[in-house]
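This structure is in structure tokens; I'll ask about it shortly.
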2 protein chains.
Amino acid sequence: MHPNLIEYIKRYVSITEAEIAIFQTYLHSKKIKKKEFLLKEGQFCKSRYFIIKGCVRLFHFDNKGNEQIIHFGIDNWWITEYESLINQIPSQLNIQAVENTELLELPEAYFDELCEKVPIIERLFRKIMEKTYIAIQKRIEYIYSLSGEEQFRFFIDANPEFTQRVPQYMIASYLGMSPEFVSKVKAKIK
Amino acid sequence: MHPNLIEYIKRYVSITEAEIAIFQTYLHSKKIKKKEFLLKEGQFCKSRYFIIKGCVRLFHFDNKGNEQIIHFGIDNWWITEYESLINQIPSQLNIQAVENTELLELPEAYFDELCEKVPIIERLFRKIMEKTYIAIQKRIEYIYSLSGEEQFRFFIDANPEFTQRVPQYMIASYLGMSPEFVSKVKAKIK
DNA sequence: TACATTTCTTAATCATGATTAAGTTTTTTT
DNA sequence: AAAAAAACTTAATCATGATTAAGAAATGTA
């Protein structure tokens, strides 16, 4: 198994070499080029993906036809479209590579089987979900308590790596702001 | 075990009578009166709570000293403050009863033990978290794609029971709007 | 190197929804 | 039933950040 994933897992749970070996058999690696899609609107999402290296964005088109970025994924993040994956319905969202991206794919079809063989995996994903939930709840807190300018400053302070890797207009979209406004705030900061 | 919780569990996983019986031994019932606190800022959150009947709100005070409601919990919802519970840090949020509320308390101290005895519980909570995550991600989608007026209309259409049970200014706070604005929109609807 | 595409910037105007300030209605308490 | 407190309404003014429109800079491609 890729050392990044082993290290990631060990941040959440204790796991044996044998358990890792079994987990490994359920994963296969995948590479997508910049601008390629991992999932398109209307398709069924059938896997969870661990990003070894790269960056993807999860987005949809809002009622006015504007791209709205829901969130990003970068190195050492799990990413998937839960609504499609869990409810087995067509995805309303797209997952697209922002950079050339190297992933590990964990197909959902065998996920329950894996959890029965290696119950610690169930715990791992329960804990990942809890952390993810804490993060998204904080995001809502910031949306409501900070001004647009404060949100942008906070984002670049908290995620300096994104600022390098992701075009500014995508950060604007993620933060629900117009690119023009971000440009104005940026000019003010310098 | 309370029939509401049994029914709730069965929506997510298959569970035997024996497993329910074990789960039961980890729960104790609790009642809080309207305006009483389940958790106060600064305290450590040590349990997950299942609401049998009633309504609570999870809120904090923002930088301007305004109450900001993060979310509500009503009948047949699990509620807790995950950041405090998982990271074992003092809570930044309050949980307060909006109505007299009847709960089942599941202490976190024995949660891992319970999951080892009854592994299906780990799966149950993993699945609950996934559903919860889908819901909160949709909330972010609506925040960014709907106008304030649309968000309010959508909320009351999707949650007519809340409109009856929760004061209007709390719904305003949950939606990140001023009570005056909600009042204006409501007048427009009639 | 030149051309094309993508991304970013600047500035003017406009709209949504906050704030302020009264006043009214409803609910709770005495 | 009266008084007090809590919740809601209305209307005027104001601010944040969107929209529009144009152009500049950066990046990619022939």
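Heavy atoms only: backbone and side chains are in, while hydrogens, waters and symmetry mates are out.
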Check your understanding: Under 30°, 30 to 60°, or over 60°: which ring-plane class applies to B:Tyr8 and B:Trp78, parallel, tilted or perpendicular?
Key -> perpendicular
Check your understanding: Between atom CD in A:Glu180 and atom C1' in C:dT13, what is the gap in whole Å?
Key ->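 A:Glu180 atom CD is separated from C:dT13 atom C1' by 13 Å.
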Review point. What salt bridge (charged side-chain N to carboxylate O under 4.0 Å, His left out) pairs are there with at least one residue in residues 13-25 of chain B, not counting sequence neighbours?
Key: none
Practice item. Using heavy atoms and a sub-4.0 Å distance, could you list which residues of residues 162-179 of chain A are near DNA chain C? By number, please. Key: A:Pro167, A:Gln168, A:Tyr169
Exercise for review: For the helix from C:dT1-D:dA30 to C:dT30-D:dA1, measure the angle between the helix axis at one end and the axis at the other, each built from five pairs, rounding to 10°.
Suggested key: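 End-to-end axis angle for the helix from C:dT1-D:dA30 to C:dT30-D:dA1: 50°, rounded to 10°.
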Review point. Rounded to whole angstroms, how far apart are CD on A:Glu149 and P on D:dA15?
Key: 15 Å
Check your understanding: So, does A:Asp75 use its side chain to make a donor-acceptor pair with the main chain of A:Gly54 at under 3.5 Å?
Key ->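 Such a contact is found between A:Asp75 side chain and A:Gly54 backbone.
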Check your understanding: B:Phe181 side chain: which of C:dG17, D:dT19, D:dG17 is closest?
Key -> C:dG17
Revision key, fill the gap. Whole-Å distance, A:Asp62 CG to D:dA18 P, equals 13 Å
Review point. Rounded to whole angstrom units, what separation is found between the CD atom of A:Glu150 and the C1' atom of D:dG17?
Key: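 Going from A:Glu150 (CD) to D:dG17 (C1'), I get 14 Å.
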Practice item. Could you check how far OH of A:Tyr144 sits from C1' of C:dG17, rounded to whole Å? Key: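 In whole Å, C:dG17 C1' lies 13 Å from A:Tyr144 OH.
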Exercise for review: On the 0 to 90° scale, with breaks at 30° and 60°, tag the A:Tyr142-A:Phe154 ring pair as parallel, tilted or perpendicular.
Suggested key: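 Geometry flag for A:Phe154 against A:Tyr142: tilted rings.
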Practice item. State whether A:Glu180 and A:Lys184 are salt-bridged, where the test is any N-O pair (Lys NZ or Arg NE/NH1/NH2 against Asp/Glu carboxylate O) under 4.0 Å. Key: no
Check your understanding: For A:Phe111, what residues pass the ring-ring contact (aromatic ring centres under 6.0 Å, His included) criterion, not counting sequence neighbours?
Key ->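 Partners of A:Phe111 by the ring-ring contact (aromatic ring centres under 6.0 Å, His included) criterion, ordered by chain and then number, come out as A:Phe125.
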Point to revise | B:Glu36 (side chain) donor-acceptor with B:Lys33 (main chain) under 3.5 angstrom | key: yes
**Study point:** Parallel, tilted or perpendicular: rings of A:Phe61 and A:Phe59 (30°, 60°)
**Key:**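 Plane angle over 60°, so perpendicular.
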Check your understanding: With respect to the phosphate group of D:dT9, does any side-chain polar atom (N or O) of B:Lys186 fall under 4.0 Å of OP1 or OP2?
Key -> yes
Practice item. Write down the distance between CG (B:Asn66) and P (C:dT19), rounded to a whole number of angstrom. Key: 7 Å
Review point. Expressed in angstrom and rounded to an integer, what is the separation of A:Ile143 atom CD1 from D:dG17 atom C1'?
Key: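 In whole Å, D:dG17 C1' lies 15 Å from A:Ile143 CD1.
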**Study point:** Residues A:Glu149 and A:Arg153 bridged, charged N to O under 4.0 Å
**Key:**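 Yes, A:Glu149 and A:Arg153 are salt-bridged.
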Give me the distances for all protein-to-nucleotides 24-30 of chain D N/O pairs that come in under 3.5 Å?
none

Exercise for review: Please identify each residue that fulfils ring-ring contact (aromatic ring centres under 6.0 Å, His included) with A:Tyr82, with sequence neighbours left out.
Suggested key: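 Expected list: B:Tyr133.
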Point to revise | Nearest-nucleotide 5' precedence on DNA chain D, A:Lys184 against B:Val182 | key: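 Going by which nucleotide is closer to the 5' end, it is B:Val182.
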Exercise for review: Return the value, rounded to whole Å, for the distance between atom CZ of B:Phe152 and atom C1' of D:dT9.
Suggested key: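 From B:Phe152 CZ to D:dT9 C1': 13 Å.
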Review point. Within the distance-only criterion (no hydrogens, no angle test), does the side chain of A:Ser173 pair as donor or acceptor with the backbone N or O of A:Glu67 below 3.5 angstrom?
Key: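 Yes, the answer is positive, given that a donor and an acceptor are paired below the 3.5 Å cut-off.
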